[in-house]
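One structure is given here, and the rest of the page talks about it.
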Amino acid sequence: MQNQIQLAPLKRLSNVKTNQAEYRSVVRSIGGYLPERILTNEDLSEMVDTDDQWITERTGIKKRHIAAEGEFTSDLAVAAARVALDKAGLGPDDIDLVIVATATPDRTFPATATIVQNKLGIRRGAAFDIQAVCAGFVFALSTADNFLARGQFERALVIGAETFSRIIDWSDRGTCVLFGDGAGALVLERQTEEEAEGRGVLGAHLRSDGKFSELLYVDGGPSTTQTVGHLRMVGNQVFKHAVTKISDSVRTLASDVGLELSDVDWFVPHQANQRILDAVARNLGLPEDRVISTVASHGNTSAASVPLALSCMTGETQIKPGDLVLIEAIGGGLSWGSALMRM
Ligand code: ACO
């Protein structure tokens, strides 16, 4: 009998990926896009049994944007990506990786990222989608970071884009008031440690627990119903999981990266509900003036919410070089996570 190879037992790690590789993934630019049409709380009160007071008190949302007929997730993604590319002074030949985080792809396949790649005229590298619903952008950022840090790709467009208006049950007042459409994009660039001078993605913590899949899901799909389906959610339970799981994720991340939460210059949370934002910030001891909130004017744009919020940081909340930015999100799965970036 051959000698069995003795494997060392797996070390129990906290699941944080801290960036100790040769390369750093540095944020070059940020772009955002919102469709033109606005749907206010007053508009919704004419569609379902709700009112502005209930929506404002329970969620903080006042309005959301809705994609026009014939305007698809890929169109929103392309618009946000163009803003980011223009800001960085880059063109299609400069990008070799496109990742789109979305739960509302144009089609079941091909990946929306390939449609975006084609519309932008990018002719090299790879393009694929990430499906982690509202947490999608954190998963996409971490995925891109891993590829860049290993030197496999050079420059990535990391996009969160959604048309949740297409999977909302517009007769369900418990969910239809919460969501909106939009997109946000980051250009992430591979740089050596020397070039990056401390900037870049410092680490990410990703988690999923399918045990909670029935709390937030879409009741359709190609393999089950052959329909697109509608979003279903046990809102109050998702709320509780969001506050505890996000707080735990951020604490784990900060400790593994070796930073104090008091070092964070900007906290850019998933824009689901103002009460969740407030509770998480309070839990983590992050002061209000460092918390970015766009939920009042965008609603929950799922995977788009974090990059879109980042793209809205101008004027008093303008990100300066060297700022430490903390992002987080939770969504269907449940899947959740957080990431730290030095800008
Ligand atoms: N207008 C008026 N009343 C309403 C509305 C509405 N739009 N929606 C629900 N209600 C009623 C309910 O029917 C219920 O009435 P009842 O007591 O007579 O039965 C009452 O309001 C309370 O309902 P709850 O669901 O307990 O209200 P809650 O305070 O939990 O707020 C909300 C609901 C806003 C959905 C909240 O639970 C929430 O934000 N949850 C988190 C959602 C979220 O963050 N999702 C993120 C992930 S999304 C993703 O991954 C795709």
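All residue numbers in this chain count up from 1 along the given sequence. This is a predicted model, so every value here is computed, not measured. Every number for a ligand or one of its atoms is a count from 1 in the order of the listing.
For atom 8 (N) of ligand 1, the nearest non-hydrogen atom of the protein is W54 CH2, 3.3 Å. Among protein heavy atoms, atom 31 (O) of ligand 1 sits closest to R275 NH2, 3.6 Å. Closest to atom 34 (C) of ligand 1, if we only count protein heavy atoms, is T59 CG2, 3.6 Å. Distance from atom 11 (C) of ligand 1 to its nearest protein heavy atom, with residue and atom name: R173 NH2, 3.7 Å. Atom 28 (P) of ligand 1 has R58 NH1, 3.5 Å as its closest protein atom, hydrogens excluded (heavy atom only). Of all protein heavy atoms, the one lying nearest to atom 47 (C) of ligand 1 is L216 CD2, 3.5 Å. Among protein heavy atoms, atom 38 (C) of ligand 1 sits closest to N273 ND2, 3.6 Å. The protein heavy atom nearest to atom 45 (N) of ligand 1 is M233 SD, 3.6 Å.
No part of D51 comes within 4.0 Å of ligand 1, judged by heavy-atom distances. Only the side chain of V177 comes within 4.0 Å of ligand 1, counting heavy atoms alone; its backbone N, CA, C and O stay farther away. Residue-level proximity to ligand 1 for T175 is absent, since no heavy atom of it falls below 4.0 angstrom.
The presence of a protein heavy atom under 4.0 Å from atom 22 (C) of ligand 1 is confirmed. For atom 1 (N) of ligand 1, a protein non-hydrogen atom is found at a distance below 4.0 Å. Within the 4.0 angstrom cut-off, atom 16 (P) of ligand 1 has no protein heavy-atom neighbours.
Between L231 and ligand 1, a contact under 3.5 Å exists for no N or O pair.
Counting the atoms of ligand 1 from 1 in the order shown, those under 4.0 Å from a heavy atom of T50 are 1 (N), 2 (C), 6 (C), 7 (N). Atoms of ligand 1 lying under 4.0 Å from any heavy atom of G331, numbered from 1 in the order shown and given with element: 50 (O). Listed by number with element, the atoms of ligand 1 under 4.0 angstrom from any heavy atom of N300 are 46 (C), 48 (S). The distance from ligand 1 to the heavy atoms of F179 drops below 4.0 Å at these ligand atoms: 48 (S), 51 (C). If you number the atoms of ligand 1 from 1 as listed, the ones under 4.0 Å from a heavy atom of V238 come out as 43 (C), 45 (N). Close approach to I276 involves these atoms of ligand 1, each under 4.0 Å from a residue heavy atom: 41 (C), 44 (O). Close approach to F164 involves these atoms of ligand 1, each under 4.0 Å from a residue heavy atom: 51 (C).
With V78 as the fixed residue, the side chain to side chain contact (heavy atoms under 4.5 Å, CB included) test singles out one of L157, I115, I159, V116: V116. For the side chain to side chain contact (heavy atoms under 4.5 Å, CB included) with P105, the qualifying choice from T112, T73, T163 is T112, the only one to do so.
Between S165 and W170, the shortest heavy-atom contact is O-NE1, 3.0 Å. The nearest pair of heavy atoms linking L253 to S338 is CD2-OG, 3.5 Å. Nearest approach of F153 to D96, heavy atoms of both residues: CD2-O, 3.2 Å. The two atoms that bring S74 and K119 nearest to each other are OG-NZ, 2.7 Å, heavy atoms only. Shown here for S29 and A84, the closest heavy-atom pair between the two residues is OG-O, 2.7 Å.
Counting non-hydrogen atoms of neighbouring residues, nucleotides and ligands closer than 6.0 angstrom, the CZ atom of R107 reaches no more than 12 such neighbours. Enclosure of atom CD in E260 is not indicated, since only 12 or fewer non-hydrogen atoms of other residues, nucleotides or ligands lie within 6.0 angstrom.
Salt-bridge annotation for R123 and D93: absent, with no side-chain N of the basic residue lying under 4.0 Å from a carboxylate O of the acidic one. Contact check on R155 versus E189 returns a salt bridge, with a Lys/Arg side-chain nitrogen under 4.0 Å from an Asp/Glu carboxylate oxygen. Using a 4.0 Å cut-off between charged nitrogen and carboxylate oxygen, D43 and K63 do not count as a salt-bridge pair.
Remark: distances from the non-hydrogen atoms of G332 to ligand 1 include one below 4.0 Å. Taking 4.0 Å as the cut-off, I55 does not count as a neighbour of ligand 1 on heavy-atom distance. Using 4.0 Å as the threshold, A242 has no heavy atom nearer than that to any atom of ligand 1.
Under the 3.5 Å distance criterion, the side-chain polar atoms of R251 are left unmatched by any main-chain donor or acceptor of L284.
Within the set L215, L334, I167, L178, the minimum heavy-atom distance to atom 35 (C) of ligand 1 is found for L178. Of the candidates C134, A272, S45, S335, it is C134 that places a heavy atom closest to atom 50 (O) of ligand 1.
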Next item on the list: Carefully, step by step, assess S293 and Q271 under the rule side-chain contact (heavy atoms from CB on, under 4.5 Å).
Entry: CA-CA 7 Å; S293 175; Q271 309 288 317; 3.8 Å; yes
Checklist line | Stepwise side-chain contact (heavy atoms from CB on, under 4.5 Å) test for I61 and I55 | finding: CA-CA 6 Å; I61 300 167; I55 303 172; 4.2 Å; yes
Next item on the list: Please lay out, stage by stage, how E328 and H270 fare under the test side-chain contact (heavy atoms from CB on, under 4.5 Å).
Entry: CA-CA 6 Å; E328 52 85 344; H270 172 44; 4.0 Å; yes
